[in-house]
Amino acid sequence: MKGMKRSLLYWGRLMEKYFITICFLAVVMCLMMGLMQGEFSIDITAAYISLIGILAVMVQAANNANYFLPQAISFGSTRKESLVGMQVFTHIVVLQFMLITMLIVKYLPNYTSFETKELLLLYSFFFLTSCGAGNGVCAVILRFGKSAGMWIYVIYIVLIVFLEVGSMVADLGIGAVLVKSSVWGIFAAVIFDIVMIGLCAKAIQKYEVRA
Amino acid sequence: MNEEKLICRDIVKTYGKKDVLDHVNLELEKGKIYGLIGRNGAGKTTLLSILSAQNPATRGTVTYNGMPVWENREALDHICFSRELNPIGSQGQSNLKVKEYLQAASIVMPNWDNELAKHLVEKFELDEKKKIVKLSKGMMSMVTIICALASKADYTFLDEPVAGLDVVMREYFYRVLLDEFADSGRTFVISTHIIEEASDVFEEVIMLDKGKIILKENTQELLDRSRHISGKAEEVDAMTAGMKTFHVEKMGRSKGVTVLLEPGQELKQTADVSVQQMNLQQVFVALCGKEVE
């Protein structure tokens with residue numbers, strides 16, 4: 001088996017395991033919130049599910065930079081193979097989160113008014129920007145260390161919480177307004193993700209494994 | 001055709017303004033067990049990291065069989081550096097179970113020997129279901145040893161493999177290492193602070209001091225030419241006149257020095273001077289330790 005294939009297998013196993021764990025946690029969290037509130041509020045449940053998915057993408061990016069990338073290189077993977085494996089499966093996992101969230105939201109009674117295309121645009125925007133931000137965090141951690149990455153991470157989480165929960169609870173529909181208006185939002189998110197992948201690649205190029 | 005060797009030429013590694021490795025030149029031949037010894041901060045881990053392309057050198061080159069090692073799949077398939085596991089943190093690799101960690105290693109390492117890994121897990125009595133973060137220091141060392149030996153890499157580096165292991169497990173490790181060496185003819189580079197215990201295993205010893213290789217020599221030949229001379233200062237000075245002395249110790253009118261005899265040099269024992277053979281740890285202290293006045 002060639003190096004690239006081994007790298008894809010390594011990242012695939014790690015990321016898919018992570019995806020399953022997060023899905024399980026999301027279900028448990030939604031059930032707990034429902035039990036605590038005495039009813040299962042569909043709005044809040046939808047907000048939680050998408051929020052967990054988006055944050056999970058970010059957390060995984062930090063984990064990749066802190067643990068799984070150094071581990072892969074120390075096992076003998078090249079930086080290029082690791083970058084490809086990491087990016088392929090980060091995006092596959094993002095796609096999985098996106099599809100699951102979309103399916104749940106699409107079939108929740110309150111949201112049936114949403115067209116599939118609108119949902120696709122909305123969640124593509126959020127997940128792609130999360131993926132890009134995750135790659136940015138990954139690049140910053142690789143270049144400047146954990147604490148620098150954590151600051152960006154915190155700022156982004158605050159921003160997302162404001163946008164997501166705020167828009168759901170106060171019915172502001174910020175995300176929907178952003179995306180409904182045009183596909184330029186998606187285009188910007190794709191460009192953002194590509195730029196961040198580039199930064200990540202640059203940071204990995206001369207990355208040093210530390211004890 | 002190039003002879004199978006791992007060669008580093010003029011390696012410099014700088015962190016900030018500090019040269020951690022200072023123009024290191026080293027050739028590692030196939031089928032030998034090397035001991036890499038040096039004090040804390042001498043640059044041992046950095047050197048092993050650069051040899052295995054886990055870290056880039058600031059200057060200089062590392063080649064395997066004539067090919068550059070950096071980002072070269074063909075070369076990296078022959079090299080394994082099993083790093084010490086970091087117990088800090090509750091996520092990531094420390095949060096993996098032993099089984100998962102070894103599984104991840106088996107995926108990335110091309111020549112992984114699953115049977116050997118299983119056998120060693122059993123012999124070390126490791127609980128595969130236990131998370132790495134919950135293992136003792138000795139058990140973490142066992143995991144890194146399993147990774148190194150099961151990798152079946154032609155050039156295998158171990159950084160402090162016996163740290164935290166009890167004496168029984170240390171003995172077992174050396175036995176397994178020698179068996180593997182005899183069976184496969186792989187090259188091992190072992191960095192350790194437990195020098196005396198490991199000296200019988202090392203065919204060659206590499207001493208690193210302040211980022212420079214100060215000695216690379218066959219262990220037995222080094223021991224054969226190392227002498228500790230002590231006695232009256234004037235007598236010791238007379239006996240070692242013209243020789244390079246190391247680790248001079250003065251106590252009143254007495255003096256102790258270490259010398260490495262060159263071919264043809266001899267020392268004659270007199271009534272007032274004692275000449276003693278040295279072990280590897282004593283030689284190391286003499287060459288890398290601080291002078292005592």
Side-chain angles (χ1 to χ4, degrees), chain A residues 1-18 21-22 56 58-86 89 138 141-142 145-147 149-150 153 201 203-211, chain B residues 13 15 20 45-46 48-50 52-58 69-97 100-112 132-133 144 147-148 150-151 153 155-157 159-160:
Chain A
M1 201 162 34
K2 291 281 177 196
M4 189 61 82
K5 208 171 165 186
R6 293 200 299 263
S7 179
L8 288 171
L9 204 58
Y10 169 84
W11 287 100
R13 277 182 87 117
L14 280 174
M15 302 282 253
E16 289 305 332
K17 192 185 160 203
Y18 177 73
T21 310
I22 294 299
M58 296 282 295
V59 171
Q60 182 58 26
N63 272 348
N64 288 347
N66 286 325
Y67 310 108
F68 300 119
L69 177 75
Q71 183 175 274
I73 294 173
S74 74
F75 285 157
S77 177
T78 65
R79 283 151 185 79
K80 190 180 165 188
E81 289 161 1
S82 291
L83 178 74
V84 172
M86 185 169 85
F89 278 95
C138 184
I141 291 173
L142 292 175
K146 276 182 201 174
S147 46
M150 284 305 127
Y153 190 44
I204 288 177
Q205 221 169 32
K206 293 276 174 186
Y207 175 71
E208 302 200 355
V209 181
R210 300 279 175 94
Chain B
K13 182 67 185 177
Y15 286 116
V20 178
T45 306
T46 307
L48 295 179
S49 300
I50 290 172
S52 57
Q54 291 186 18
N55 288 2
T58 308
V69 164
W70 182 257
E71 288 292 275
N72 185 344
R73 162 63 36 228
E74 211 179 320
L76 286 173
D77 277 352
H78 298 270
I79 300 166
C80 166
F81 172 25
S82 191
R83 300 182 78 92
E84 269 187 290
L85 285 168
N86 185 1
I88 301 164
S90 58
Q91 284 181 319
Q93 72 201 67
S94 326
N95 210 32
L96 293 179
K97 289 174 185 165
E100 293 167 331
Y101 183 77
L102 295 177
Q103 232 166 27
S106 74
I107 292 169
V108 183
M109 294 177 178
N111 306 309
W112 183 263
I132 286 173
V133 74
T144 62
C147 256
S151 76
Y155 282 79
T156 305
F157 310 145
D159 194 10
E160 293 291 345

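Reminder, nothing fancy here: chain letters follow the sequence lines and each chain counts from 1.
B/Arg73 has its side chain out of reach of A/Lys2: every pair of non-hydrogen atoms, C-beta onward, lies at least 4.5 Å apart. A/Arg6 places a side-chain heavy atom less than 4.5 Å from the side chain of B/Pro110.
For A/Glu16, the CD atom is densely surrounded, since the number of other residues' heavy atoms within 6.0 Å is greater than 12.
For B/Asp159, the side chain to side chain donor-acceptor pair (under 3.5 Å) partners at least two apart in sequence or on another chain are B/Thr45, B/Ser191. Checked against side chain to side chain donor-acceptor pair (under 3.5 Å), B/Ser82 has no partners two or more places apart in sequence or in another chain.
Residue contact with chain B, scored on non-hydrogen atoms closer than 4.5 Å, is absent for A/Tyr18. The contact between A/Arg79 and chain B is made by backbone and side chain atoms together, counting heavy-atom distances below 4.5 Å. Interface remark: A/Gln205 contributes backbone atoms only to the contact with chain B (heavy atom separation under 4.5 Å). For A/Ser7, no part lies under 4.5 angstrom from a heavy atom of chain B.
Ranked by heavy-atom pairs under 4.5 Å with chain A, the list B/Ala53, B/Ser49, B/Ala104 is led by B/Ala104. When each of A/Ala72, A/Ser74, A/Gly76 is checked for heavy-atom pairs under 4.5 Å with chain B, A/Ser74 comes out on top. Of all the listed residues (A/Thr78, A/Asn64, A/Leu14), the one sharing the greatest number of non-hydrogen pairs under 4.5 Å with chain B is A/Thr78.
Here the straight-line distance linking atom OH of A/Tyr10 with atom CD of B/Gln103 works out to 12.5 Å at 0.5 Å rounding. Atom NZ in A/Lys5 sits 13.0 Å away from atom CD1 in B/Ile107 (nearest 0.5 Å).
When each of B/Phe81, B/Trp112, B/Tyr101 is paired with A/Phe75, the ring-ring contact (aromatic ring centres under 6.0 Å, His included) condition holds for B/Tyr101 and for no other.
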